[in-house]
Amino acid sequence: MSSLKDRKRFEPSEVEPRIVQRWLDSGLFHPQPEGDASENFSIAIPPPNVTGALHMGHALNGSIQDTLIRYHRMLGRNVKWVLGTDHAGIATQTQVEKRLKEQGTSREAIGREAFIEKTWEWREEFGGTIVGQLKRLGASCDYDEERFTLDEGYARAVLKVFVALYEKGYIYRDNYMVNWDPGSGSAISDLEVEDREVTDTLFHIAYPLADGGGEVVVATVRPETMLADVAVAVHPEDDRYRHLVGRTVVLPLVGRELPIIADEYVKTDFGTGCLKITPGHDPNDFEIGRTHGLPELSAIGEDGRMTGLVPAYEGMTIAEAQRAIVAALDEQGLIRARDPYVHTVPFSHRSGERIEPLISLQWFMRMDELAAPAIAAVRDGRVKIHPESQSRRYIDWLENIRPWCISRQLWWGHQIPVWYRSHPTQETYVGMEPPEGEGWTRDPDVLDTWFSSALWPFATLGWPDGTPELEAFYPTDVLSTARDILFLWVARMVMMGLEFTGDIPFEHVYVHSVIQAPDGRRMSKSLGTGIDPLHLIEGGDRPPVFTGGGEFPAYGADGVRFGLLAMSSTQDVRFSEEKVAQGQALANKLFNATRFVLLNVAEDVELAPAVQTVEDRWILSRLEAAKADFAERVEAFDFSKAALGLYDFVYGELCDWYLELIKGRPFDAELSGHLLHVLRETLALAHPIIPFVTEELWSLLPASARTAELLAGARRTAADPSLRDAEAEAAIERVIATVQAVRSWRDAGGVKPGEFLEARIDGLDGLVPLVARLARLTPVEDDRAPVATIPVSGVQVDLLTGVDPEEAAAKVEAQRRHLESEIRRAEGKLANDGFVAKAPEAVVAAEREKLERLRAELEAL
RNA sequence: GGGCGCGUAGCUCAGUGGGAGAGCGCUCGCUUCACACGCGAGAGGUCGCUGGUUCGAAACCAGCCGCGCCCACCA
């Protein structure tokens with residue numbers, strides 16, 4: 001490593017990996033299970049898919065959680081960030097199947113056991129990717145205890161929960177309408193379905209009355225399902241059809257007689273007012289069928305092909321069957337109309353294929369009993385959702401909750417702990433261990449991945465055993481997540497936590513932004529709108545969504561963390577590379593400020609806040625303000641303000657002013673000690689957001705300045721309002737305003753930056769030398785006529801030399817016009833009786849004061 | 001159909017009742033002994049539109065226009 005003097009820039013690519021290693025070696029991220037959860041601080045990471053790589057959402061959420069974790073760790077709490085990955089049934093199985101296909105085989109060919117073995121191998125190979133990426137981001141998770149939702153202990157917890165819920169009667173098996181995903185060959189839950197707009201043809205088909213007295217016409221976009229029709233429904237009040245109720249129609253092509261029934265579900269003003277009822281293939285028809293006790297027929301099978309219900313069509317694909325049926329109907333002249341029809345249709349979120357509603361024998365879980373306590377927990381504030389507005393979405397969803405289809409026709413997952421045998425009698429066995437005796441067959445299905453995820457906060461800590469970890473870290477403190485899994489995951493964790501641990505799983509739920517592509521579209525690989533956080537950290541190609549193209553510079557993990565936090569809010573935001581660059585600039589600024597201090601301070605100084613001068617008092621006061629603001633914002637989950645406030649302090653106060661103000665002073669022991677104190681406090685302040693640069697700089701501090709080996713393990717001192725110093729703040733504010741005013745005049749007057757101007761300075765007392773140095777003035781005490789007079793907040797600076805008189809005159813004129821317009825405004829306000837009478841006294845007084853000041857400044861001009 | 005949110009400088013966003021802000025971009029100046037990925041000084045905005053409440057509205061209320069998200073079973 002070159003000497004500090006030669007390191008003019010903070011080089012994240014060189015420094016950060018080295019820092020990660022120091023953290024990992026330190027053991028700081030792996031807490032002992034001591035103390036209890038009320039005093040400790042813990043977060044369970046939303047487990048990324050084991051197939052996954054770090055995307056923008058992970059990077060943002062990682063930055064958020066790590067900020068919280070590091071902040072609380074530095075407050076001295078025993079902190080644990082539970083790490084792990086999710087087995088992600090469908091996603092993982094799909095990946096492995098794809099690989100098998102490339103190898104010329106398939107899961108069916110190798111069999112269940114070998115397939116699962118292959119999947120574990122696959123996990124060994126790729127499962128570590130995202131964990132390594134989290135390390136690179138600086139996430140201070142407990143890497144020594146990584147969990148996986150299929151681990152042995154975790155699996156025991158899952159089975160125990162299944163058995164318990166079965167025994168309570170919440171879990172049951174039923175033939176029911178499910179969302180069949182032909183892509184994965186499995187049922188999926190309502191939450192895994194997304195609606196897309198599709199243009200279909202709406203066919204109007206005539207069904208003749210059985211007694212020959214005419215026909216009814218039904219409308220459908222899916223004529224192929226008519227094979228499974230069991231009735232035609234009309235509205236009971238519909239005068240057009242009332243007389244037909246109770247009669248029957250003949251189902252074309254099939255010949256089956258269907259009753260005409262009355263049901264209020266049917267809209268009289270939509271379509272023909274006659275609805276064909278197909279309980280086997282439409283969720284609404286299914287409900288109607290159940291209320292009317294109609295048969296449930298299946299024309300389409302789980303393989304996506306036509307069943308033998310009507311032999312002529314058996315084996316056809318859905319599209320083939322539709323063509324054949326439409327052709328046959330045409331031949332018989334039964335199609336009355338075809339209209340293009342735009343409507344929304346369910347698609348699988350996972351495979352992207354159109355959902356086929358089918359009746360299928362599946363395992364379900366009744367949710368209403370579990371929902372009630374979960375609603376109460378949020379209502380009474382035991383679980384707090386931020387922002388508050390998300391609570392209503394949560395409650396609304398739980399209040400209207402429906403049974404959850406929990407079985408999946410996959411191999412990768414927790415196999416359902418149910419065994420069947422038909423000899424000697426028809427039997428079902430449910431238990432954590434296989435049953436005794438011969439002839440048992442285990443249910444081949446696995447559980448929905450979200451079933452196991454729902455146990456995450458406690459199953460990762462060793463539940464159902466009463467482990468020390470559970471004692472120390474459950475309930476967790478914060479659960480941070482995006483909006484889209486509030487129902488899928490968060491609500492279910494609350495339900496399961498309350499049911500099985502008797503306690504909430506976390507106290508705060510923070511719902512963060514979704515970061516969109518710079519053009520406002522969703523970030524997605526296939527659209528080319530995805531941005532790889534690793535490319536931001538280490539440099540790499542800009543994706544096509546950046547029209548400029550080129551490469552990202554290596555912004556470093558600090559830059560990315562800062563940038564993502566600064567961008568984030570409670571609503572969706574567009575990705576802004578500028579914010580990441582701002583974070584990198586902050587890291588570099590801090591690096592150079594530290595360099596300046598360390599290259600100048602006296603050796604062997606005692607570290608202590610000193611209050612020799614007004615500016616020393618000022619920076620201590622501002623540092624205090626920055627600390628208080630930071631704490632308040634982090635604790636309120638307002639990460640963008642925490643990040644930007646940090647930036648403002650470091651740039652706008654520490655570097656732009658304090659370090660400039662002290663440059664005229666000798667670096668004696670006192671100033672050195674003071675500078676090191678301010679520096680140390682600033683590094684500690686900034687560490688949760690930009691941990692790398694601050695840790696690196698900490699290591700460069702003299703040993704006496706470090707209160708711990710690693711900054712990550714050091715304490716933050718709590719905010720102390722008594723350290724605020726209003727007097728010093730007011731004084732330095734005047735210095736700053738004066739310097740800025742003089743600089744502005746110099747610039748307008750064409751004065752060379754290096755040139756010193758003679759000036760008379762009134763109203764600053766002992767602070768004249770500060771202003772003189774920063775504004776490049778030579779204070780003089782004589783009564784020559786000024787070339788220009790600069791009035792600013794109680795201070796008056798008479799420039800005696802240097803400024804071009806014409807330029808000065810122009811500036812005076814501009815200033816005069818500005819002051820006059822301000823005065824008019826203030827006068828107008830004060831002349832308004834309503835204002836004087838009704839506005840708060842303080843506001844009126846402030847306005848009067850302002851007017852006086854403006855008048856004085858105008859006078860001075 | 002119901003619900004939630006957004007519209008402020010060229011771009012991305014702060015600002016919830018008393019003189020319009022930040023970062024980036026732009027203009028001008030500067031090798032000032034921490035940093036030229038720097039420093040200093042500037043230009044740039046009828047705060048979507050219309051009406052209302054108020055002494056006073058970017059902010060509060062109503063309507064309209066535009067955009068986004070969530071929920072919902074109209075064949």
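Lettering follows sequence order; numbering is per chain, from 1.
- If A:Ser389 and A:Ser576 are placed on RNA chain B by their nearest nucleotide, the residue sitting closer to the 5' end is A:Ser389.
- Spacing between B:rA9 and B:rC47 at atom P, rounded to whole Å, works out to 10 Å.
- For the OP1/OP2 pair of B:rU32 and a distance below 4.0 Å, the side-chain nitrogens and oxygens of A:Lys752 include no atom meeting the criterion.
- Taking every heavy atom of residues 836-852 of chain A and every atom of RNA chain B, pairs under 4.0 Å involve A:Lys838, A:Ala839, A:Pro840, A:Val843, A:Lys850, by number.
- Between the CG atom of A:Leu659 and the C1' atom of B:rG38 there is a distance of 14 Å, given to the nearest Å.
- Residue contacts for A:Glu577: at a heavy-atom cut-off of 4.0 Å it reaches no nucleic acid atom on any strand shown.
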How would you summarise protein contacts on nucleotides 66-75 of chain B per nucleotide, using B for base, S for sugar-phosphate only and - for none, with heavy-atom distances below 4.0 Å?
---SS--BBB
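- The cationic atom of A:Lys663 (NZ for Lys, CZ for Arg) does not lie both less than 6.0 Å from the six-membered ring centre of A:Phe667 and within 45° of the ring axis.
- Residues A:Asn179 and A:Phe347 fail the side-chain proximity criterion, which asks for heavy atoms closer than 4.5 Å.
- Between A:Tyr651 and A:Val597, the residue anchored closer to the 5' end of RNA chain B is A:Val597, taking for each the nucleotide with the nearest heavy atom.
- Put simply, the side chain of A:His343 reaches to within 4.5 Å of the side chain of A:Asp200, judged on heavy atoms.
- A:Phe835 places a side-chain heavy atom less than 4.5 Å from the side chain of A:Val843.
- A:Lys276 is linked by a side chain to side chain donor-acceptor pair (under 3.5 Å) to A:Thr225, A:Asp229, A:Thr278, counting only residues two or more places apart in sequence or in another chain.
- Residue contacts shown for A:Glu660 include a base, since a base heavy atom lies under 4.0 Å away.
- Remark: A:Gln516 pairs with no residue by the side chain to side chain donor-acceptor pair (under 3.5 Å) rule, at least two apart or across chains.
- Applying the salt bridge (charged side-chain N to carboxylate O under 4.0 Å, His left out) test to pairs two or more places apart or on separate chains, those with a residue in residues 575-602 of chain A are A:Arg542-A:Glu577.
- The two residues A:Pro283 and A:Pro357 have their closest heavy-atom pair at CD-CB, 4.1 Å.
- With C1' as the reference atom, B:rA58 and B:rU8 are 7 Å apart, rounded to whole Å.
- Taking side-chain N and O atoms only, A:Arg574 has a distance below 4.0 Å to OP1 or OP2 of B:rU12.
- Considering only side-chain N and O atoms, A:Ser640 lies nowhere under 4.0 angstrom from the phosphate OP1 or OP2 of B:rA14.
- Contacts classified as salt bridge (charged side-chain N to carboxylate O under 4.0 Å, His left out) and involving residues 641-652 of chain A (residues at least two apart or in different chains) are given here: A:Asp638-A:Lys641.
- Counting atom types as modelled, A:Lys589 pairs a side-chain N or O with a base atom of B:rC35 as donor and acceptor under 3.5 Å.
- Going from the C1' atom of B:rG2 to that of B:rC73 covers 14 Å, rounded to whole Å.
- Distance noted for atom C1' between B:rG19 and B:rU12: 27 Å (whole Å).
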